[in-house]
> 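Sharing a structure, written as structure tokens. Questions coming.
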Amino acid sequence: MGEGQNVDVLVLGAGAAGMTAALAAHARGLKVLLVESSNQVGGTSSTSAGTLWLPCAAQDDAKGTCRDQARAYLEASIGRGAEAAKIDALLDSGPQLLRFLHSATRVRLSAVAAHPDYLQSLPGATLGGRAFAPAEFDGRLLGPAFARIRPPLAEFMVLGGMMVSKADIPDLLNATREPRSFLRAARLVLRHAMDRLTRKRGTRLVMGNALVAQLFATVLDKRIEIAFESTVTRVQRDGTGFSCVVGHAQGERAVRIGKALVLATGGFSGNAQMRERWLPAPAIAHSVAHGGNSGGGIDLGMALGGAVEDKHKSPAFWMPVSTMKRADGSVATFPHIMLDRAKPGLLAVNSAALRFANEADSYHHLCEAMLDNARQTGSAQFYLIADAAFIKSYGIGMVRPGLKSLSKFVASGYLTHATSPAGLAAQLGLDPGVLQGTLARYNTSAASAVDLDFNRGESALNRHNGDPLHTPNPCLRPLDTTALYAVRIHVADLGTSLGLSTDADARVLDSAGTPVPGLYACGNDMASMMRGAYPGPGTTLGPGMTFAWRAARHIASA
Ligand SMILES: Cc1cc2nc3c(=O)[nH]c(=O)nc-3n(C[C@H](O)[C@H](O)[C@H](O)COP(=O)(O)OP(=O)(O)OC[C@H]3O[C@@H](n4cnc5c(N)ncnc54)[C@H](O)[C@@H]3O)c2cc1C
């Protein structure tokens, strides 16, 4: 075993929550060691959209109106079990987190004016201002350390490694029609081409990759030590702190932790046993979270006396995904977040060939409807159905808009194509009469611009993600039933909600509700304060980073 080392704080896991905890502890004068099991920082945070839901974080709220509205919305969203102390903690410390990030780190976030909350019918829902998005970041500033940033999902990049943000899409699609779009698209592509001369992927980072790079750049600025490809293999309480062993392929070293161990290993998405134990059967097979998040923090927390909250409204947060075999035999998993489902001319059906939900609702809520439907009707299969014109305009899943031919996707089995409802039903194993009826009813709704069954296109959220050029209902248009395509979708988790029980300062609690001295959990290792509810964009990263900041503040004051 190598030389012993003394630190005040050991943070386990270098995702957004872990790096935030490390930076906030360092800023309070504590000596920090960050221990990361992989050879890269970022975990799921780096492949995410990078949005933080931080209500009232940047508003002047002298009268407290914003907080009252946000509190009402959170209580209504979470329902039974909502914890007032954690709601107040988020509302108090969201603004403090933002001030800290902007004054002491390279993270730059701005409130998105139009980004509706996901449960628009609840009291206190807003149309924007609660979601914060990271500024784009130039990966070249990291020098060789750029290789330490976990790349985004391959399916979210174009031209072999170019990141595309939501704001880039209109310019890329209109490049051949609008001179301004052409210029911007040309600049993006040229920059990317230059990057590719020397690097494996583009260095213009957006969304979660930008957030992670900004945090990591600050970790490097502050010279906080990171032990890569390492983890805590043994730990025991030692007076006021812990004695632990940090293991690496090349050996072990003893570390004495004077004040606190912060668990930030990203939850249990990558742990097969925990998935079996805690997730509903239809959701066990698919995940879009980082596979290395194998519940190590939760295991360690339990071994040190922490309790797990295992009764949330939903044990994880969901996204509908489609899958396709890549040329090398691996399976690509594509999350249908917001580019296709709300656009006009698409519907979803179950294995009875019936619609079962508003397809334009949030990814999490559509998946909840899939899980409910599977439970109630036994449906084992779900499909998105659209027509050729839809795919040409908007794409669907892995199929990008504007493609001349879809034959590659049909041949691979990703898309199922038919020239009639009966033909599509035969290929998908659905009842042809029922599918014909479902499509006819959808088309009747679409012709009148009013969804007779699921209110598609009525909520501000639906309309935000629809096609603003399609009026009067931006989410509804009849399908051409002679040119139909279907994609099978599954429920996947984007991160887990169940986790270690904590108080509002992220101190891990035992089964009696007493804090385990010196032990903290944040990010998805901490049981989500939302208890499986999904109020808006940034539901995991907003609280994840806020409670990381609060953990550091508490450690410094203890
Ligand atoms: C496509 C997609 C989009 C998303 N968009 C958003 C969004 O916009 N907003 C939002 O709030 N959420 C979003 N999410 C969810 C969000 O990304 C995650 O919930 C969040 O990143 C979790 O952060 P974390 O810091 O807890 O974990 P991570 O970022 O996953 O970090 C955990 C780190 O711990 C390391 N680790 C794991 N085990 C160990 C161990 N035993 N020892 C040491 N290190 C370990 C991992 O390698 C990893 O680096 C999205 C998810 C996906 C898949």
Side-chain angles (χ1 to χ4, degrees), residues 10-22 33-54 112 115 131-134 148-150 152-153 155-156 166 206-212 215-216 226-233 246-248 261-271 286-301 316-319 321 333-338 362-364 492-497 499 521-526 528 530 534-548:
L10 188 149
V11 178
L12 194 64
M19 287 196 281
T20 301
L33 173 64
L34 196 47
V35 175
E36 164 57 46
S37 57
S38 72
N39 61 358
Q40 291 176 311
V41 296
T44 312
S45 307
S46 61
T47 59
S48 76
T51 307
L52 280 72
W53 196 73
L54 295 174
V112 185
H115 210 334
F132 286 76
R148 290 286 192 189
I149 307 289
R150 181 171 302 288
L153 299 178
E155 284 66 33
F156 276 10
K166 193 177 174 189
V206 295
M207 304 189 288
N209 229 246
L211 176 68
V212 163
L215 287 164
F216 184 51
I226 303 196
F228 281 104
E229 297 175 79
S230 302
T231 193
V232 168
T233 50
V246 173
H248 179 275
L261 170 59
V262 180
L263 304 171
T265 68
F268 64 88
S269 298
N271 181 308
H286 298 280
S287 179
V288 262
H290 173 46
N293 293 353
S294 47
I298 294 176
D299 274 338
L300 215 53
F317 302 109
W318 313 117
M319 273 177 182
V321 299
T333 302
F334 187 93
H336 295 251
I337 304 178
M338 50 81 190
S362 88
Y363 36 87
H364 177 77
D493 77 284
L494 62 91
T496 45
S497 174
C522 57
N524 292 351
D525 279 356
M526 169 182 169
S528 168
M530 304 301 179
Y534 212 102
T539 287
T540 69
L541 285 169
M545 290 172 67
T546 302
F547 285 98

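One-based numbering, in listed order, for ligands and for the atoms of each. If you're wondering where the values come from, they're calculated on a predicted model, not measured in any experiment.
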> Nearest to atom 30 (O) of ligand 1 by heavy atom, Leu541, Thr540, Ile337, Asn293: which?
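Result: the heavy atom closest to atom 30 (O) of ligand 1 is in Asn293.
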
> Considering non-hydrogen atoms only, spot the tightest contact between Ser269 and Asp493 and give its length.
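Minimum heavy-atom contact is OG-OD2, 2.6 Å.
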
> How does Leu52 reach ligand 1, by side chain, by backbone, by both or by neither, if only non-hydrogen atoms under 4.0 Å count?
neither

> Please round to the nearest 0.5 Å and tell me the distance separating atom CE of Met526 and atom CZ of Phe547.
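The distance works out to 4.5 Å.
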
> How far is atom 15 (C) of ligand 1 from its nearest protein heavy atom, and which residue and atom name does that atom have?
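For atom 15 (C) of ligand 1, the nearest protein heavy atom is Leu494 CD1, 3.2 Å.
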
> Once rounded to the nearest 0.5 Å, what's the spacing between atom OG1 of Thr44 and atom CG of Leu494?
8.5 Å

> With heavy-atom distances below 4.0 Å as the criterion, list the atoms of ligand 1 near Ala17.
25 (O)

> If you define the side chain from C-beta out and look only at heavy atoms, does anything of Trp53 sit under 4.5 Å from Pro535?
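Yes, side chains in contact.
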
> Over 60° means perpendicular and under 30° means parallel, so classify the ring planes of Phe317 and His364, tilted if in between.
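Aromatic pair His364/Phe317 classed tilted.
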
> Please work out, at 4.0 Å between heavy atoms, whether the side chain, the backbone, both, or neither of Ala264 comes within that distance of ligand 1.
backbone

> Contact between Gly42 and ligand 1, counting heavy atoms under 4.0 Å?
yes

> Quick one: look up the protein heavy atom nearest atom 43 (C) of ligand 1 and list residue, atom name and how far away it is.
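Checked against all protein heavy atoms, atom 43 (C) of ligand 1 sits closest to Ser37 N, 3.3 Å.
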
> Under 3.5 Å, side chain of Thr496 to main-chain N/O of Phe268, donor-acceptor pair present?
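Side chain of Thr496 to backbone of Phe268: a pair is present.
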
> With Glu229, which residues qualify under salt bridge (charged side-chain N to carboxylate O under 4.0 Å, His left out), at least two apart?
none

> In terms of residue, atom name and distance, what is the protein heavy atom nearest to atom 29 (O) of ligand 1?
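Residue, atom and distance for the closest contact: Ser45 OG, 2.5 Å.
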
> What is the nearest protein non-hydrogen atom to atom 34 (O) of ligand 1, stated with its residue, atom name and distance?
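I find the closest protein heavy atom is Gly13 CA, 3.3 Å.
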
> With heavy atoms only and a cut-off of under 4.0 Å, state how Thr539 meets ligand 1: side chain, backbone, both or neither.
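For Thr539, only backbone atoms sit under 4.0 Å from ligand 1.
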
> Out of Ala548, Gly43, Ser48, Gly267, whose heavy atom is nearest to atom 3 (C) of ligand 1?
Ser48

> Side chain, backbone, both or neither: which applies to Arg150 and ligand 1 if a contact is any heavy-atom pair less than 4.0 Å apart?
neither

> Tell me, which protein residue and heavy-atom name are nearest atom 28 (P) of ligand 1, and how many Å apart are they?
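For atom 28 (P) of ligand 1, the nearest protein heavy atom comes out as Thr44 N, 3.5 Å.
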
> Taking all heavy atoms of Met19 and all of Ala14, pick out the closest pair and write down the distance.
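Smallest interatomic distance, heavy atoms only, reads CE-O, 3.7 Å.
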
> Measure the CD-CZ distance between Glu36 and Arg148 for me, rounded to the nearest 0.5 Å.
9.5 Å

> Among all protein heavy atoms, pick out the one at the shortest distance from atom 49 (O) of ligand 1; state its residue, atom name and that distance to 0.1 Å.
Glu36 OE1, 2.6 Å

> What protein heavy atom sits nearest atom 26 (O) of ligand 1, and how far away is it?
Asn524 N, 2.9 Å

> Can you tell me which residue and heavy atom of the protein come closest to atom 53 (C) of ligand 1, and the distance to 0.1 Å?
Val288 O, 3.2 Å

> Is there a donor-acceptor pair closer than 3.5 Å between any side-chain N or O of Asn209 and the backbone N or O of Arg150?
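Yes.
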
